[in-house]
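Remarks on the structure that follows.
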Amino acid sequence: MAPLHSVMSAQGVSVQFRFSILWREQGTNCLLFVTPEADADPCGLGTFSQSCRSHFVLSPFQELCVGLRPWLGAIFWARLSALLSLWRGSLQCLWTYLRGMFRSAAALSVHLMWPLWGRKAGASLTRCLHQSLTMTKRLQARRLDGIDQNLWVEFGKLTKEYDVVNLGQGFPDFSPPDFATQAFQQATSGNFMLNQYTRAFGYPPLTNVLASFFGKLLGQEMDPLTNVLVTVGAYGALFTAFQALVDEGDEVIIMEPAFDCYEPMTMMAGGCPVFVTLKPSPAPKGKLGASNDWQLDPAELASKFTPRTKILVLNTPNNPLGKVFSRMELELVANLCQQHDVLCISDEVYQWLVYDGHQHVSIASLPGMWDRTLTIGSAGKSFSATGWKVGWVMGPDNIMKHLRTVHQNSIFHCPTQAQAAVAQCFEREQQHFGQPSSYFLQLPQAMELNRDHMIRSLQSVGLKLWISQGSYFLIADISDFKSKMPDLPGAEDEPYDRRFAKWMIKNMGLVGIPVSTFFSRPHQKDFDHYIRFCFVKDKATLQAMDERLRKWKELQP
């Protein structure tokens, strides 16, 4: 007689089931009846093992337990054809008893019974259970509480539902430069060993050129083995840094508006986000405001540092504002970090995209900051190839070694071919850097023209623009629309800019991103009258934008 097995989940935790099911497997009728409390199951009938593949029958004692306390255990009618003469009478009686008991649960069980009925012979019994029954224990980790909602998912769905010009998400809709696509083609069709693993912390030609290229910019002799880590995009670099450095209860200062991953990444690592807000200065009458008019209050920033502060997150050029932090502002941040012994994570993915003669300054290049700064970059933003998902983080070895620990115990390795292509791109750029042929000069020149085009076009329908001085983005002030159209559809507590952005998608066919999503929840209502637009787009996209805006203008009184 086959024994009744105790069955555990994949994590080694007893799985508790709630429902009864009648299903057919390998031509055998089986009834499953499971206790709601495995701890109250002295007969060992309440749990099942994923590794178990055999059918189960019961000993007389186990049958007796079930007859006396049917809510305790689990019954399988297995190999019915072989045991029919022995068990027919007792099992029919038991079935009659249980049928009445569970009649009220029949409707609830239908959706569980249906996918199991008619399973092919040989299908795993436990796989069926795993797919169809639910655990009573909490599934998600508590660190996910409050971060499950994502604006990009919601707006991505709306973008697909309507005929729109997408000026929301930050990616180019034009081709990378020819040398970049050729490098990628060569990587995928040349050396066959590029199809295999490379060094876990980065493809050596890439880490070598990154150390050489950025070492000169930062004024450091960088070791490609210890000062550079290649990651799955800058997003991966950020996540690795937070996981490596933020401990339970550590405070992380975030300057808002901020890219919306900093807060959840802090929380997933167990840290506490602390926000300091950039505030806009009024633009001169008759002139447009500039992104650099959004300023830090030095006293407010200083007040955010406490003995629990571990990290300050800096993003320059800033997303969503397009603000390029000045050297003076960076020196203020650097002094406070050194005074309070705080690390700095500097997200500099848009460092080549600066306009109007502004200069990007890396905070790691300031005196005393290399030893406490992680500098994060992106090949996607550098070479207009965001889908390659190649990023990097650079810093001193005593910090980087902890990021390598996270990296080697999570993704371990990034795609070799994409790294090889990026290495070629940087080798080419290193030869042309500072010359008219440099892509790092050509790209911002072209995007500055796009920015100016978008500003003129958006102004035509009454939007007030802030001139971006860096990044992919600019923001528009919709205060006038808020006063004229205050009652747009939406949830009662939904910020106005989210409702306006949805209205714009559905009625004007234009996608922008509400800037309130880049603020912490307590401050969203104070900054609910801005929309972010991406101008790193193809000419055809900008022309399509112009056509939608022309129709919008015609509808205005």
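Numbers here simply count residues along the sequence, with the first being 1.
Residues Ile467 and Asp356 form a side-chain contact, since some pair of their non-hydrogen atoms from C-beta on lies under 4.5 Å apart. Side chains of Leu366 and Arg327 form a contact here, defined as non-hydrogen atoms less than 4.5 Å apart. Inter-residue side-chain proximity for His453 and Met545 is flagged as met; some heavy-atom pair is nearer than 4.5 Å. The shortest side-chain heavy-atom distance between Leu301 and Glu329 does not fall under the 4.5 Å cut-off. Side chains of Cys261 and Phe239 form no contact here, defined as non-hydrogen atoms less than 4.5 Å apart. Under the 4.5 Å side-chain criterion, counting only non-hydrogen atoms from C-beta, Leu321 is in contact with Leu278. Looking at Leu374 and Leu343, their side chains never come closer than 4.5 Å, going by heavy atoms from C-beta outward. Contact annotation: the side chain of Met508 never approaches that of Lys551 to less than 4.5 Å [non-hydrogen atoms, C-beta and beyond].
The CD1 atom of Ile531 sits 8.5 Å away from atom CG of Leu463, with the distance rounded to the nearest 0.5 Å. Distance check, rounded to the nearest 0.5 Å: OG of Ser362 to CG of Leu314 gives 9.5 Å. Taking CG of Leu555 as the start and CZ of Arg550 as the end, the distance is 10.0 Å to the nearest 0.5 Å. Once rounded to the nearest 0.5 Å, the distance linking OG of Ser281 with CG of Asn292 reads 10.5 Å. For the atom pair Lys502 NZ and Asn507 CG, the distance stands at 13.5 Å (nearest 0.5 Å). Rounded to the nearest 0.5 angstrom, Phe275 CZ and His523 NE2 are separated by 9.0 Å.
More than 12 heavy atoms of other shown residues, nucleotides or ligands fall within 6.0 angstrom of atom CZ in Phe174. Within a 6.0 Å radius of CD in Glu221, no more than 12 heavy atoms belonging to other residues, nucleotides or ligands are found. When the shell of 6.0 Å around CD of Gln435 is examined, it contains more than 12 heavy atoms from other residues, nucleotides or ligands.
The closest donor-acceptor contact from the side chain of Asn450 to the backbone of Val536 lies at 3.5 Å or more, if one exists at all. In terms of modelled atom types and a separation under 3.5 Å, the side chain of Arg499 and the main chain of Leu488 share a donor-acceptor contact. Remark: the backbone N or O of Gly271 is not paired with any side-chain donor or acceptor of Thr266 at under 3.5 angstrom. A distance-only check finds no donor-acceptor pair linking the side chain of Arg199 to the backbone of Pro204 [under 3.5 Å]. Although no hydrogens or angles enter the test, the distance criterion places a donor-acceptor pair under 3.5 Å between the side chain of Tyr355 and the main chain of Ser471. In this structure, Asp293 contributes its side chain and Ala290 its backbone to a donor-acceptor pair below 3.5 Å. With hydrogens and angles disregarded, a donor-acceptor distance shorter than 3.5 Å links the side chain of Asp173 to the backbone of Asp538. Between the side chain of Arg372 and the main chain of Val342, a donor-acceptor pair closer than 3.5 Å is present. Looking at Ser303, its side chain does come within 3.5 Å of a backbone N or O of Glu300 through a donor-acceptor pair. Checking side-chain atoms of Arg404 against main-chain N and O of Thr226 turns up a donor-acceptor pair under 3.5 Å.
Nearest approach of Ile147 to Pro264, heavy atoms of both residues: CG2-CB, 3.9 Å. Residues Trp466 and Leu474 approach most closely at O-CB, 3.8 Å, considering heavy atoms. Taking each heavy atom of Leu465 and Ala476 in turn, the nearest pair found is CD1-CB, 3.7 Å. The minimum heavy-atom distance between Ala244 and His402, with the atom names listed, is CB-O, 3.5 Å. Closest approach of Leu353 and Pro317 over heavy atoms only: O-CG, 4.1 Å. In plain terms, the two heavy atoms of Ala269 and Phe242 that are nearest each other are CB-O, 3.6 Å.
In summary, Lys464 and Asp480 engage in a salt bridge, as defined by a charged side-chain N under 4.0 Å from a carboxylate O. Residues Lys279 and Asp526 are not paired through a salt bridge, judged by the lack of any N-O separation under 4.0 Å between the basic side chain and the carboxylate. Using a cut-off of 4.0 Å between Lys/Arg side-chain N and Asp/Glu carboxylate O, Glu251 and Lys304 are scored as not salt-bridged.
With 3.5 Å as the limit, one finds no donor-acceptor pair spanning the side chains of Thr240 and His407. A donor-acceptor pair shorter than 3.5 Å can be found between the side chains of Asp260 and Trp152. Side-chain polar atoms of Gln419 and Thr198 form no donor-acceptor pair below 3.5 angstrom.
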- Please walk me through it: do Phe426 and Gln430 pass side-chain contact (heavy atoms from CB on, under 4.5 Å)? CA-CA 6 Å; Phe426 265 106; Gln430 197 166 34; over 6 Å; no
- Item | Phe383 vs Phe440, ring-ring contact (aromatic ring centres under 6.0 Å, His included): CA-CA, chis, key distance, verdict | CA-CA 8 Å; Phe383 298 108; Phe440 293 166; 5.4 Å; yes
- Task: Applying side-chain contact (heavy atoms from CB on, under 4.5 Å), run through Val461 and Lys553 and close with a yes or a no.
- Result: CA-CA 5 Å; Val461 294; Lys553 187 175 181 180; 4.2 Å; yes
- Task: Let me see the working for Trp294 and Tyr530 under ring-ring contact (aromatic ring centres under 6.0 Å, His included), right down to the final yes or no.
- Result: CA-CA 13 Å; Trp294 290 68; Tyr530 298 101; 5.4 Å; yes
- Query: Between Tyr439 and Glu429, is a side-chain contact (heavy atoms from CB on, under 4.5 Å) present by the stated rule, with each step listed?
  - Reply: CA-CA 7 Å; Tyr439 188 67; Glu429 187 59 31; 3.6 Å; yes
- Just do the side-chain contact (heavy atoms from CB on, under 4.5 Å) check on Phe473 and Asn319 with the steps written out, would you? CA-CA 7 Å; Phe473 311 107; Asn319 173 15; 3.4 Å; yes
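Of the options Gln295, His358, Gln469, Met255, a side-chain contact (heavy atoms from CB on, under 4.5 Å) to Lys323 is made by Gln295 and by none of the others. Checking each of Phe518, Tyr496, Phe519 against Phe527 for a ring-ring contact (aromatic ring centres under 6.0 Å, His included) leaves exactly one that passes, namely Phe519.
In this view, Phe184 and Trp388 satisfy the ring pair (Phe, Tyr, Trp, His ring centres under 6.0 Å) rule, not counting sequence neighbours. Annotation: ring pair (Phe, Tyr, Trp, His ring centres under 6.0 Å) contacts of Tyr472 (sequence neighbours excluded): Tyr350. Checked against salt bridge (Lys or Arg N to Asp or Glu O under 4.0 Å), Asp148 has no partners two or more places apart in sequence or in another chain.
Taking the six-membered ring for Trp and the full ring otherwise, Trp392 and Phe213 have centroids separated by 6.0 Å or more. In this structure, Trp352 has its ring center under 6.0 Å from that of Phe433.
The aromatic rings of Trp503 and Phe500 sit tilted relative to each other, their planes meeting at an angle between 30° and 60°. Between Phe259 and Tyr235, the angle of the ring planes goes over 60°, which puts this pair in the perpendicular group of the 30/60° scheme.
Figure legend: Lys381 and Phe171 shown without cation-pi pairing, the cationic atom not lying both under 6.0 angstrom from the six-membered ring centre and within 45 degrees of its axis.
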